[in-house]
Amino acid sequence: MMNDTTQTGRELSERLNPGMEDALNARYGHLLPGMAEGVVDFAYGRQYARPGLPLRDLYLAPIAA
């Protein structure tokens with residue numbers, strides 16, 4: 001069962017980086033099962049989808065840190 005942040009993350013990642021989850025699965029899925037879904041859920045569904053700041057600023061925050 002997929003949670004809301006995973007679904008939100010998939011929609012956002014497909015809009016911003018089409019095919020990213022599939023590419024991560026193809027490249028790293030045999031070494032790290034579930035990593036691609038984790039990236040989509042955490043980075044895109046929980047962090048980049050947060051309200052309050054423009055997406056550009058949310059992208060820059062990890063770089064600035």
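- Applying the side-chain hydrogen bond (donor to acceptor under 3.5 Å, both in side chains) rule to pairs touching residues 46-60 yields Asp41-Arg46, sequence neighbours excluded.
- Both Val39 and Tyr28 are part of a single hydrophobic cluster, where members link through side-chain heavy atoms under 4.5 Å apart.
- Residue Leu58 is not grouped with residue Leu60 when hydrophobic side chains (ILVMFWY) are merged at heavy-atom distances under 4.5 angstrom, including chains of intermediate members.
- Side chains of Tyr44 and Leu16 form a contact here, defined as non-hydrogen atoms less than 4.5 Å apart.
- A side-chain donor-acceptor contact under 3.5 Å links Asn3 to the backbone of Thr6.
- Within the structure, every pair that satisfies the salt bridge (Lys or Arg N to Asp or Glu O under 4.0 Å) test and touches residues 18-33, not counting sequence neighbours, is listed here: Arg10-Glu21.
- Rounded to the nearest 0.5 angstrom, Leu12 CG and Thr5 OG1 are separated by 12.0 Å.
- Under a hydrophobic clustering in which Ile, Leu, Val, Met, Phe, Trp and Tyr are joined whenever their side-chain heavy atoms come within less than 4.5 Å, directly or via other members, Val40 and Phe42 fall into different clusters.
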